[in-house]
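Once you've had a glance at the structure underneath, I'll fire off some questions.
Proteins get letters first, then strands, A, B, ... in listed order; numbering begins at 1 in each.
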There are 2 protein chains.
Amino acid sequence: MPGPPKWRHRFQGHVSRWTVPREVILDLLCRTSKHLSAKEIYSYLYKSHPGIGMTTVYRTLDLLARMGLVTKLVLGDGQSRYEFKSSDREKHHHHLLCTKCGKIIDYSEFLDEELELIRKTEKKLEKKYNFKILDHNIEFLGLCEKCYVFSEKRSSNDS
Amino acid sequence: MPGPPKWRHRFQGHVSRWTVPREVILDLLCRTSKHLSAKEIYSYLYKSHPGIGMTTVYRTLDLLARMGLVTKLVLGDGQSRYEFKSSDREKHHHHLLCTKCGKIIDYSEFLDEELELIRKTEKKLEKKYNFKILDHNIEFLGLCEKCYVFSEKRSSNDS
DNA sequence: CTTTTAATGATAATGGTTATCATTAAGATA
DNA sequence: TATCTTAATGATAACCATTATCATTAAAAG
Ligand SMILES: [Mn+2]
Ligand SMILES: [Mn+2]
Ligand SMILES: [Zn+2]
Ligand SMILES: [Zn+2]
């Protein structure tokens, strides 16, 4: 337990020991806005903590996800990605996903209306399907700016 | 090309040959409302067409997805799932996903308001992020009826 | 029917994730 | 602070969905 156990209090009731890998992985995720894969996290931490193994990265990410501190994104590119899940509503966001290059854009504008409708829909769905709704995913798929202009050039050349 | 080539016309411009595996896989998907994995499709077809290999199932599903006839669902349970994507708007739907048992519920009620808001949001996002939106995913995560009552029993026993 | 070659399918390879298990170290105790 | 208990770790192997290879097959054109 070297350094200030910045996140220890969060672990009450979830696990019995607050360890270096857990501190460091959570700390990395809360400092970045990127959507990191396990391997990327491993590679990044290797510089400062070469002792941490891949297995522990996976186990810790799974733990953090179960605790609700981290969101696991499964986007179909072969590896899961993880992002810190801030508790304050300001940072709640949804995603734009480029199906060509994999780019991920967070957006949090226009959410007020969106979330209001979601609440209403959730209530109706919970009642109709006897389903306890705990979270939602909203993502828009398409082409980012770069990929779009590229595909336009191609289709004009293919004439 | 045994039997009526029910789907052949759809392939114009996409591929040069309309084959038995393609016909049979697409036919299976359009007849079921389930969300089938590649292995499930392979197993099912094995009864009537033992010659079709797993590789072809994967290749065909990928083709159908690129053609827009099928939707690929990546839900994080280790295998992708596929469902027929009807062109008529009546059958457009979103999903309720049970994070405990993996159950998938299609819902198409309450979509009018939802889709209207989506259109508006899409326009704003396309403008702001120079992003060409082609599709959307909306899913609600939680516990299905069975898994919810089970978790309630457990927590009351744990007192 | 013959030809062309897109498409197939048996097989091996890939790669992300998980299971094993001996070792380590967090936190409790004295 | 030194010692103890055992949760947690990490090296390694195993798992398994998906993809790559390549010889063979069969759509469909002539
Ligand atoms: Mn994000
Ligand atoms: Mn569905
Ligand atoms: Zn892109
Ligand atoms: Zn369930």
When the nearest nucleotide of DNA chain D is assigned to B/Arg81 and to B/Thr19 on a heavy-atom basis, which residue is associated with the more 5' position? B/Arg81
Can you sort out which residues in residues 42-77 of chain A have a heavy atom within less than 4.0 Å of DNA chain C? Ascending by number, please. A/Thr55, A/Tyr58
Taking five pairs at each end of the helix from C/dC1-D/dG30 to C/dA30-D/dT1, what angle separates the two helix axes (nearest 10°)? 40°
Could you give the side-chain donor-acceptor pairs of residues 100-107 of chain A under 3.5 Å, partners two or more places apart or in another chain?
{"from": "A/Asp106", "atom 1": "OD1", "to": "A/His35", "atom 2": "NE2", "distance (Å)": "3.0"}
{"from": "A/Asp106", "atom 1": "OD1", "to": "A/His93", "atom 2": "NE2", "distance (Å)": "3.2"}
{"from": "A/Asp106", "atom 1": "OD1", "to": "A/His95", "atom 2": "NE2", "distance (Å)": "3.0"}
{"from": "A/Tyr107", "atom 1": "OH", "to": "A/Glu114", "atom 2": "OE1", "distance (Å)": "3.4"}
{"from": "A/Tyr107", "atom 1": "OH", "to": "A/Glu114", "atom 2": "OE2", "distance (Å)": "3.0"}

Taking ring pair (Phe, Tyr, Trp, His ring centres under 6.0 Å) as the test, write out the residues that go with B/Tyr129, two or more places apart. none
Applying a 4.0 Å non-hydrogen cut-off, can you work out what B/Ser80 is touching in the nucleic acid: base, sugar-phosphate, or nothing? sugar-phosphate
Grab the CZ-C1' distance between B/Arg17 and D/dA27 for me, whole Å please. 5 Å
With the side chain of B/Gln79 defined as its heavy atoms from C-beta on, choose the nearest nucleotide among D/dT18, C/dT17, D/dA8.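 Of the candidates, D/dT18 comes closest.
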Presence of A/Ser16 side-chain N/O under 4.0 Å of D/dA8 phosphate oxygens OP1/OP2: yes
Those residues that, when tested against B/Glu113, pass side chain to side chain donor-acceptor pair (under 3.5 Å) (two or more places apart):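 A/Lys120.
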Test question: given the 4.5 Å side-chain rule for I, L, V, M, F, W and Y, name all other residues clustered with A/Leu117, or answer none.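 Same cluster as A/Leu117: B/Leu117.
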Side-chain donor/acceptor pairs under 3.5 Å, residues 41-48 of chain B, sequence neighbours excluded:
{"from": "B/Ser43", "atom 1": "OG", "to": "B/Lys39", "atom 2": "O", "distance (Å)": "3.0"}
{"from": "B/Ser48", "atom 1": "OG", "to": "B/Leu45", "atom 2": "O", "distance (Å)": "3.4"}

Strictly by ring pair (Phe, Tyr, Trp, His ring centres under 6.0 Å), give each pair with a member in residues 55-90 of chain B just once, sequence neighbours left out. B/Trp7-B/Phe84
Taking NZ from A/Lys39 and P from C/dT18, how many angstroms apart are they, rounded to a whole number?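 Answer to the nearest Å: 15 Å.
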Verify, without hydrogens or angle tests, whether A/Glu126 (side chain) and A/Ile133 (backbone) share a donor-acceptor contact under 3.5 angstrom. yes
Interatomic distance, B/Glu40 CD vs D/dA17 P [rounded to whole Å]: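 Distance check: B/Glu40 CD to D/dA17 P gives 11 Å.
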Of the listed nucleotides (D/dT9, C/dA26, D/dA27), which one gets closest to any side-chain atom of B/Val20? D/dA27
Mutual orientation of the aromatic rings belonging to A/Phe11 and A/Trp18 [parallel < 30°, tilted 30-60°, perpendicular > 60°]: tilted
Clusters formed by hydrophobic residues whose side-chain heavy atoms approach within less than 4.5 Å: which one holds B/Val74, and what are its other members?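 Same cluster as B/Val74: A/Val74.
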Checking B/Arg81 now: which residues fulfil salt bridge (charged side-chain N to carboxylate O under 4.0 Å, His left out) with it, not counting sequence neighbours?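 With sequence neighbours excluded, B/Arg81 shows a salt bridge (charged side-chain N to carboxylate O under 4.0 Å, His left out) to B/Glu40, B/Asp77, given in chain and number order.
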In chain order, what residues pass the side chain to side chain donor-acceptor pair (under 3.5 Å) check against A/Asp112, with sequence neighbours excluded? none
Report each atom pair, protein N/O against N/O of nucleotides 22-24 of chain C, whose distance is under 3.5 angstrom.
none

Nearest listed nucleotide, side chain of A/Arg22, among D/dT9, D/dA7, C/dA7: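 Closest of the options to the side chain of A/Arg22: D/dT9.
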If I take atom CG in residue A/Leu36 and atom P in nucleotide C/dG16, what distance separates them, rounded to the nearest angstrom? 15 Å
Rounded to whole Å, CZ of A/Phe11 lies from C1' of C/dG27 at a distance of 15 Å
